[in-house]
Amino acid sequence: MKFLQVTCTSLYKNESKCIKEIVDIISQRLYPFISSASANLIGVEARVKDLKSKLQVGLGGVLMIGIWGVGGGGKTTLASSVYDEVCGSFHKCCFVENIREESSKNGLKRLKEKVISVGVKRVGDGRCKIKSGKVLIVLDDVDHLDQLNALAGSHDWFGEGSRIIITTRDKHLLNAHRVNVIHHISLLDDDEAMKLFFKHAPRGSIDDYETLSKDVVSYASGLPLALKVLGCFLCDKNLKEWRSALARLKKIPENDIVEKLRISYDGLISMEKDVFLDIACFLRGEKKEKAMEILDACKLEPVICIKVLLQKALITILDGKFHMHDLIQEMGHYIVRGKHFKNPEKHSRVWQVEDVTSICAMDATDATTYLPNLKMIKLHDMKNLVMTPDFDGLPNLERFILNRCPRLEKIHSSIEHLQSLAFLLITGCDNLKMVPSIKGIKKLDTLSLSSCNKLSNSWKQDASHKHYSTNFFVTCLPCCWGNLDGDPEDVEYYLEQPFLLYKDMNHRGLQLNSVGLRKLFLSNCHLGDGDIDFDGWKLLNLEELDLSRNLFSQLNFSLLQLARLKWLDVSSCNNLRELSDLPSSIAVLRADYCYKLETVGDISSCKWLWKVSFLGKNKLGHVGDKMLLSSMCQFGQAIEYHVLSLALEHEVRMFYVSSLVPRSSFILRLPDNWYNDFCGFLIYCVIEYQEPYVTITIEEVLDNVEECNYSNELFVHHHNPTYIGYVSFSLLSKTTRLNRTCNMISFELGGKFDVELVPRKS
């Protein structure tokens with residue numbers, strides 16, 4: 001008999017650490033073959049090490065550790081490998097396999113007997129206790145909480161130092177059973193996947209199969225089960241047969257893989273299955289918020305269903321979007337197709353372009369036609385679409401979008417029967433000449449037509465009738481959304497604000513009328529002075545207005561009812577000479593590159609104006625810029641409580657600055673009682689690039705520091721724009737400590753600049 005002598009190599013105050021070292025040494029000497037076995041399993045060794053660290057073998061307490069992840073991801077392999085490596089550290093061990101399958105066939109009796117064999121016994125009232133010392137138990141493939149309650153009901157069933165490992169596809173079970181640690185299985189990376197695949201599909205010359213092997217590894221996406229199944233299947237196939245097999249996989253996934261993955265799907269209730277299949281077929285990669293809105297419209301209770309799918313590792317959410325493993329998605333497609341692979345009209349969902357084309361080509365009696373749950377249709381970039389389909393089979397359609405269908409000539413007359421239609425958007429359909437009457441669509445509250453150049457005038461007049469009870473309406477503005485070229489989602493975003501807008505055929509001009517509109521974007525609409533009917537603008541709640549890149553020569557806002565306008569952009573209106581009577585509510589004004597602009601009128605009533613930008617050449621001149629700055633400082637509320645930001649084309653100040661230091665600095669001496677007599681700092685800055693991101697550092701300095709730490713040099717600004725920033729003491733006090741007793745403050749800013757105090761208003 002061989003004796004094993006172990007000496008603890010260091011002294012520990014904590015006895016448990018010494019015990020752990022002894023256990024580790026014994027385990028290594030008694031079970032050296034086990035570690036080498038794990039090392040031979042590709043990708044397992046590092047994962048075993050990670051899980052062992054969470055098990056804390058040798059320490060006290062009872063721990064339950066859950067291994068959770070997708071089917072075929074290697075949960076059982078990992079649990080088995082860890083079990084083999086640490087089992088020597090326990091008095092008794094038990095690996096209970098295939099609990100899901102075994103319990104469904106024979107109940108839990110045999111499984112209980114196996115657990116009892118390690119010393120757990122029932123003592124009445126459902127309570128159990130351990131007869132012997134610490135045990136190691138693995139409960140493999142658990143799919144129901146009853147199984148955990150029967151086999152490992154609570155921590156106090158087991159002796160000190162015991163460890164219970166549970167593998168499952170359902171994270172909810174682990175949470176409900178209050179396990180100590182949940183370990184999410186990690187799939188194989190590309191190098192590991194390639195090694196595992198070649199282990200099962202060895203070839204005489206790997207180079208010949210390298211490209212095809214990469215295709216297989218890409219298809220498997222790190223799933224060990226798929227790599228093993230495909231490797232075993234392809235091991236005796238030649239190159240031609242490999243290519244054929246891969247082509248088939250893209251159409252029909254391997255049955256052994258699908259059936260293994262399908263176990264999680266089969267455990268869902270009906271509504272959860274519907275949500276899963278919708279994500280697999282339509283919503284993978286979609287933003288969560290939008291996808292949830294769609295699922296909710298289908299009355300599928302997505303909040304709880306999504307939670308279940310996440311816990312069963314069927315989907316993930318990354319960067320706010322829905323994702324799933326490629327093979328899980330293929331499994332979903334396989335379920336939808338069922339036994340009718342070549343008959344898409346019999347599928348519950350259709351997502352492939354060729355399948356949609358096939359169905360559309362069928363006779364109406366055979367196929368497109370009663371879909372009571374369909375609520376939205378988007379037809380985008382359909383180059384060959386000439387006429388829309390019949391709408392009679394879509395009684396609950398709410399949104400219909402046509403975008404860039406250049407050959408479209410006609411919209412089916414049955415659109416008038418869509419009593420639920422609320423949103424109709426048609427843009428970029430250059431060949432569309434006629435739209436059926438929409439007078440019968442009672443719920444229509446959003447209508448947009450743009451870039452439909454051949455649309456008849458008679459229909460435009462019909463569309464502008466007053467009988468609609470819409471809260472917003474858009475029609476016949478060519479190029480109105482030209483700056484949103486391409487994506488219909490962007491068009492929808494800007495349209496999803498309630499407003500009424502149309503261009504009258506009697507040339508009364510652009511009219512807008514709404515109570516609810518908050519934002520209006522009319523950039524690059526070729527609008528001139530005669531295109532606005534000032535009497536027709538009644539946008540009482542409008543806050544943002546973009547009129548940039550238009551043809552106006554003058555804009556007088558006294559004629560427009562815009563009582564709450566805060567943001568106005570008239571940039572790149574190259575003909576604009578006069579901008580007058582701005583709303584008193586205005587806070588931000590952009591008028592960059594208005595080359596002919598001569599005046600902005602009296603802004604003394606604009607008390608909340610705090611940001612102005614007049615970059616690019618204009619005709620305001622130095623005097624105009626100085627008057628603007630003076631008015632904002634004298635009459636504005638922002639000067640007391642807020643900030644100011646101005647970007648002016650002309651110099652408004654001569655600067656004494658340093659050209660000797662790489663980063664300009666300035667020390668301002670503060671007069672007595674400065675906090676009460678003044679309200680903030682006004683900073684003039686010249687920077688050689690436009691729209692700077694300026695960081696200003698303000699620090700208190702000691703009295704003995706010289707007021708200026710550079711030699712004064714007159715800097716005359718000729719070409720670069722002037723940026724003027726103002727920050728109030730009130731705002732500074734909310735963001736930093738401002739010592740009212742200090743008498744010198746240092747400023748630091750990249751560029752040439754000067755600082756002065758702004759007196760409080762009387």
Within the supplied structure, the quantity of interest is the number of heavy atoms (other residues, nucleotides, ligands) at a distance under 6.0 Å from [X] [atom1]; does it exceed 12?
| X | atom1 | answer |
| --- | --- | --- |
| Asn574 | CG | yes |
| Asp672 | CG | no |
| Asn676 | CG | yes |
| His172 | NE2 | no |

Look at the rings of Phe729 and Trp674 and say which category their plane angle falls in: under 30° parallel, 30 to 60° tilted, over 60° perpendicular.
->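 Phe729 vs Trp674 ring planes: perpendicular.
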Minimum heavy-atom separation for [X] to [Y], with atom names?
| X | Y | answer |
| --- | --- | --- |
| Cys679 | Pro759 | SG-O, 3.8 Å |
| Leu757 | Leu668 | CG-CD2, 4.1 Å |
| Thr599 | Gly601 | OG1-N, 3.0 Å |
| Gly69 | Ala313 | C-CB, 3.7 Å |
| Cys606 | Pro583 | SG-O, 3.7 Å |
| Val179 | Met64 | CB-O, 3.6 Å |

Glu598: what forms a salt bridge (charged side-chain N to carboxylate O under 4.0 Å, His left out) with it, not counting sequence neighbours?
->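 Glu598 satisfies salt bridge (charged side-chain N to carboxylate O under 4.0 Å, His left out) with Arg577 only.
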Could you tell me whether the side chain of [X] and the main chain of [Y] form a donor-acceptor pair under 3.5 Å?
| X | Y | answer |
| --- | --- | --- |
| Ser585 | Ala563 | yes |
| Trp610 | Tyr726 | no |
| Asp189 | Asp191 | yes |
| Asn550 | Phe552 | no |
| Ser580 | Val600 | no |
| Arg564 | Ile586 | no |
| Arg284 | Met324 | yes |

Between [Y] and [X], is there a side-chain heavy-atom distance shorter than 4.5 Å?
| X | Y | result |
| --- | --- | --- |
| Tyr595 | Asn618 | no |
| Leu568 | Phe557 | yes |
| Leu51 | Ile67 | yes |
| Phe322 | Thr316 | no |
| Ile182 | Lys171 | yes |
| Ile65 | Asn180 | no |
| Lys54 | His183 | yes |
| Tyr593 | Ser572 | yes |

After noting the C-alpha distance and the side-chain angles of Asp529 and Leu551, does the key distance pass the side-chain contact (heavy atoms from CB on, under 4.5 Å) rule?
-> CA-CA 7 Å; Asp529 295 339; Leu551 306 176; over 6 Å; no
Run the side-chain hydrogen bond (donor to acceptor under 3.5 Å, both in side chains) check on Asn575 and Ser553 step by step: do they pass?
-> CA-CA 5 Å; Asn575 296 323; Ser553 66; over 6 Å; no
Checking side-chain contact (heavy atoms from CB on, under 4.5 Å) for the pair Leu579/Leu589: CA distance, chi angles, key distance, verdict?
-> CA-CA 11 Å; Leu579 187 64; Leu589 171 64; 4.0 Å; yes
Could you walk me through whether Phe678 and Val758 pass the side-chain contact (heavy atoms from CB on, under 4.5 Å) test, one step at a time?
-> CA-CA 6 Å; Phe678 299 89; Val758 177; 5.7 Å; no
Between Gln311 and Asn175, is a side-chain contact (heavy atoms from CB on, under 4.5 Å) present by the stated rule, with each step listed?
-> CA-CA 10 Å; Gln311 291 180 329; Asn175 289 328; 4.0 Å; yes
Please report the interatomic distance [atom1]([X]) to [atom2]([Y]), rounded to the nearest 0.5 Å.
| X | Y | atom1 | atom2 | value |
| --- | --- | --- | --- | --- |
| Glu301 | Leu295 | CD | CG | 11.0 Å |
| Lys288 | Ile315 | NZ | CD1 | 9.0 Å |
| Leu576 | Leu597 | CG | CG | 5.5 Å |
| Glu289 | Ile294 | CD | CD1 | 12.0 Å |
| Glu286 | Glu293 | CD | CD | 10.0 Å |
| Ile185 | Trp68 | CD1 | CH2 | 11.5 Å |

Between Arg47 and Ser186: side-chain donor-acceptor atoms closer than 3.5 Å |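 Indeed, the side chains of Arg47 and Ser186 share at least one donor-acceptor pair under 3.5 Å.
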Less than 4.0 Å between a side-chain N and a carboxylate O, is that true for Asp592 and Arg590?
->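 Counted as a salt bridge, because a side-chain N and a carboxylate O are separated by less than 4.0 Å.
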